[in-house]
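Have a look at the structure below before the remarks.
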Amino acid sequence: MSQTVDRALSILPLLAEGPADLGRVADRLGVHKSTALRLLRTLHEHGFVYRQEDQRYRLGARLIALAQEAMENLDVREIAHPHLVRLNEQCGHTVHLAVYEENEVLYIDKVESRYPVRMYSRIGKPVAITVAAVAKLLLADLPENERRAVVEKLDYPMYTPRSTPNADGFLTELAKVREQGWATDLGGHEESINCVAAPIRGADGRVVAAMSVSAPNVVVTADELLTLLPLVRRTADAISGEYSGRTPVKEVTA
């Protein structure tokens with residue numbers, strides 16, 4: 001039975017490449033055509049594959065609908081939270097998770113620092129979109145036309161001398177963030193707070209959320225915080241793998 005299930009499931013990635021006839025399916029599975037036909041008929045009965053008029057098979061509408069439903073029901077916060085807690089246990093600093101919704105970047109999870117000096121931030125509260133590291137990652141992933149349209153509509157308050165001054169400067173920084181795959185806020189919102197962030201990606205490679213580690217410079221310097229970047233990126237990659245279904249669940253170590 002397990003071999004039959006394995007063979008049937010092996011058909012689906014093949015058909016994801018494009019329609020295939022019975023002979024190609026049989027060759028890929030290494031079985032006789034009669035065996036391949038029996039598997040295809042079962043998948044067809046359940047709507048997972050569809051037989052075209054040219055007798056080739058493609059993925060069925062029900063399989064696509066199930067995949068879409070599963071993606072819509074994925075909760076990135078639920079998946080990410082255990083990883084955020086482990087990261088916090090390893091480094092001791094405040095960890096945030098944020099998403100981009102309706103032209104705002106919002107915190108959707110937070111794990112507090114173990115140190116007495118803590119950040120004033122709340123779940124559900126919009127971040128300072130022109131300076132926050134998580135915001136830079138989320139905006140950098142937008143298609144170029146949309147990214148430019150969003151950036152040109154923003155206001156650019158000078159929270160500190162290190163704040164982003166204008167749209168042109170922000171677009172330049174977002175291009176850099178998009179290329180390097182991580183972001184920082186080194187005193188751009190509050191002079192005493194530094195932050196490093198990494199993106200969380202879905203199965204299509206698009207950024208669905210961003211996570212960060214933040215700390216006041218009375219606890220660690222900006223240079224010391226930047227040494228945590230590899231750990232932050234590994235944690236984000238682990239969340240991405242679990243969220244997209246590419247990798248099994250595993251713990252990230254320093």
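Just so you know, these numbers use all the heavy atoms, side chains as well, and skip hydrogens, waters and symmetry mates.
The number of heavy atoms from other shown groups lying within 6.0 Å of CD (Gln52) is above 12. Open room surrounds CD on Glu144; 12 or fewer heavy atoms of other groups in view lie less than 6.0 Å from it. More than 12 heavy atoms of other shown residues, nucleotides or ligands fall within 6.0 angstrom of atom CG in Asp204. Under a cut-off of 6.0 angstrom, the local environment of CZ in Arg51 is sparse, with at most 12 non-hydrogen atoms contributed by other residues, nucleotides or ligands. Crowding of Glu78 atom CD: a count of heavy atoms from other residues, nucleotides or ligands under 6.0 Å not exceeding 12.
Taking the side chain as every heavy atom from C-beta outward, Met211 and Leu87 approach each other to under 4.5 Å. Annotation: side chain of Leu39 is not in contact with side chain of Thr42 (no heavy-atom distance under 4.5 Å). The closest side-chain heavy-atom distance from Val218 to Pro216 is below 4.5 Å. When side chains are defined from C-beta on, Val127 does not count as touching Leu106, because their heavy atoms never get closer than 4.5 Å. Side-chain contact between Leu137 and Arg178 is absent, with no heavy atoms from C-beta onward closer than 4.5 Å. Using a 4.5 Å heavy-atom cutoff, the side chains of Val49 and Leu12 are in contact. By the 4.5 Å heavy-atom criterion applied to side chains, Thr94 and Val213 are not counted as neighbours. Residues Ile200 and Val76 meet the side-chain proximity criterion, which asks for heavy atoms closer than 4.5 Å.
The pair Arg148-Glu146 fails the salt-bridge criterion, with no side-chain N (NZ, NE, NH1 or NH2) lying under 4.0 Å from an Asp/Glu carboxylate O. Ion pairing between Arg28 and Glu17 holds under the 4.0 Å rule for side-chain N and carboxylate O.
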task: Show your working on side-chain contact (heavy atoms from CB on, under 4.5 Å) between Val208 and Tyr100 and close with a plain yes or no.
output: CA-CA 8 Å; Val208 297; Tyr100 178 67; over 6 Å; no
task: Determine, step by step, whether Leu139 and Val150 satisfy the side-chain contact (heavy atoms from CB on, under 4.5 Å) criterion, reporting the C-alpha distance in whole Å, the side-chain angles of both residues, the deciding distance to 0.1 Å, and the verdict.
output: CA-CA 8 Å; Leu139 295 183; Val150 169; 4.2 Å; yes
message: What verdict does the salt bridge (Lys or Arg N to Asp or Glu O under 4.0 Å) test give for Arg56 and Asp21, after you've listed the backbone C-alpha separation in whole Å, the side-chain angles of each residue and the deciding distance to 0.1 Å?
response: CA-CA 4 Å; Arg56 293 189 302 165; Asp21 60 21; over 6 Å; no
Steps toward side-chain contact (heavy atoms from CB on, under 4.5 Å) verdict (Asn194, Thr184): CA-CA 8 Å; Asn194 299 304; Thr184 62; over 6 Å; no
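Leu97 and Leu231 end up in the same hydrophobic cluster when Ile, Leu, Val, Met, Phe, Trp and Tyr side chains are linked at under 4.5 Å. Following chains of ILVMFWY side-chain contacts shorter than 4.5 Å, one can reach Leu142 starting from Val134, so the two form part of one hydrophobic cluster. Cluster annotation: Leu40 and Leu14 are assigned to the same hydrophobic cluster (Ile/Leu/Val/Met/Phe/Trp/Tyr, side-chain heavy-atom contacts under 4.5 Å, transitive). Linking ILVMFWY side-chain heavy atoms closer than 4.5 Å, directly or via other members, places Leu138 and Val131 in two distinct hydrophobic clusters. In this structure, Val111 is a member of the same hydrophobic cluster as Val219, with clusters built from ILVMFWY side-chain heavy atoms closer than 4.5 Å.
Considering every non-hydrogen atom in both Tyr243 and Arg201, the closest pair reads CD2-O, 4.1 Å. Taking every heavy atom of both residues into account, Val207 and Pro199 meet most closely at CG2-CB, 3.8 Å. The two atoms that bring Tyr57 and Leu15 nearest to each other are O-CD2, 3.4 Å, heavy atoms only.
Atom CD1 of Ile79 and atom CD1 of Ile239 lie 9.5 Å apart (nearest 0.5 Å). The CD1 atom of Ile108 sits 7.5 Å away from atom CD of Glu101, with the distance rounded to the nearest 0.5 Å. Atom NZ of Lys110 is separated from atom CD1 of Ile123 by 8.0 Å, given to the nearest 0.5 angstrom. For the atom pair His189 NE2 and Ile129 CD1, the distance stands at 12.5 Å (nearest 0.5 Å). A distance of 15.5 Å separates NZ in Lys33 from CZ in Arg38, rounded to the nearest 0.5 Å. Annotation: the span from Glu152 atom CD to Arg147 atom CZ amounts to 11.5 Å, rounded to 0.5 Å.
The aromatic rings of His93 and Tyr115 sit parallel, their planes meeting at an angle under 30°, below the 60° perpendicular limit.
Using modelled atom types, one side-chain atom of His32 and one backbone atom of Ser34 make a donor-acceptor pair closer than 3.5 Å. Listed for the Ser113 side chain is a donor-acceptor partner under 3.5 Å among the backbone atoms of Gly92. No side-chain donor-acceptor contact under 3.5 Å links Arg7 to the backbone of Leu29. The backbone N or O of Trp182 lies less than 3.5 Å from a partner atom in the side chain of Gln180, making a donor-acceptor pair. Between the Asp185 side chain and the Ala133 main chain, no donor and acceptor come within less than 3.5 Å of each other. Proximity of a side-chain donor or acceptor of Glu224 to a complementary backbone N or O of Thr221 within less than 3.5 Å is detected. Using modelled atom types, no side-chain atom of Ser244 and backbone atom of Ala203 make a donor-acceptor pair closer than 3.5 Å.
A search for ring pair (Phe, Tyr, Trp, His ring centres under 6.0 Å) contacts involving Tyr107 returns His96, not counting sequence neighbours.
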Acceptor/donor pairs from residues 158-166 side chains to any protein atom, 3.5 angstrom cut, sequence neighbours excluded:
{"unit_1": "Thr160", "atom_1": "OG1", "unit_2": "Arg162", "atom_2": "N", "d": "3.0"}
{"unit_1": "Thr160", "atom_1": "OG1", "unit_2": "Gly187", "atom_2": "O", "d": "2.6"}
{"unit_1": "Arg162", "atom_1": "NH1", "unit_2": "Leu186", "atom_2": "O", "d": "3.1"}
{"unit_1": "Ser163", "atom_1": "OG", "unit_2": "Tyr159", "atom_2": "N", "d": "3.0"}
{"unit_1": "Ser163", "atom_1": "OG", "unit_2": "Thr160", "atom_2": "N", "d": "2.9"}
{"unit_1": "Ser163", "atom_1": "OG", "unit_2": "Thr160", "atom_2": "O", "d": "3.1"}
{"unit_1": "Ser163", "atom_1": "OG", "unit_2": "Gly188", "atom_2": "O", "d": "2.6"}
{"unit_1": "Thr164", "atom_1": "OG1", "unit_2": "Thr130", "atom_2": "O", "d": "2.9"}
{"unit_1": "Asn166", "atom_1": "OD1", "unit_2": "Asp168", "atom_2": "N", "d": "3.4"}
{"unit_1": "Asn166", "atom_1": "OD1", "unit_2": "Gly169", "atom_2": "N", "d": "2.7"}

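In this structure, a donor-acceptor pair under 3.5 Å is absent between the side chains of Arg41 and His44.
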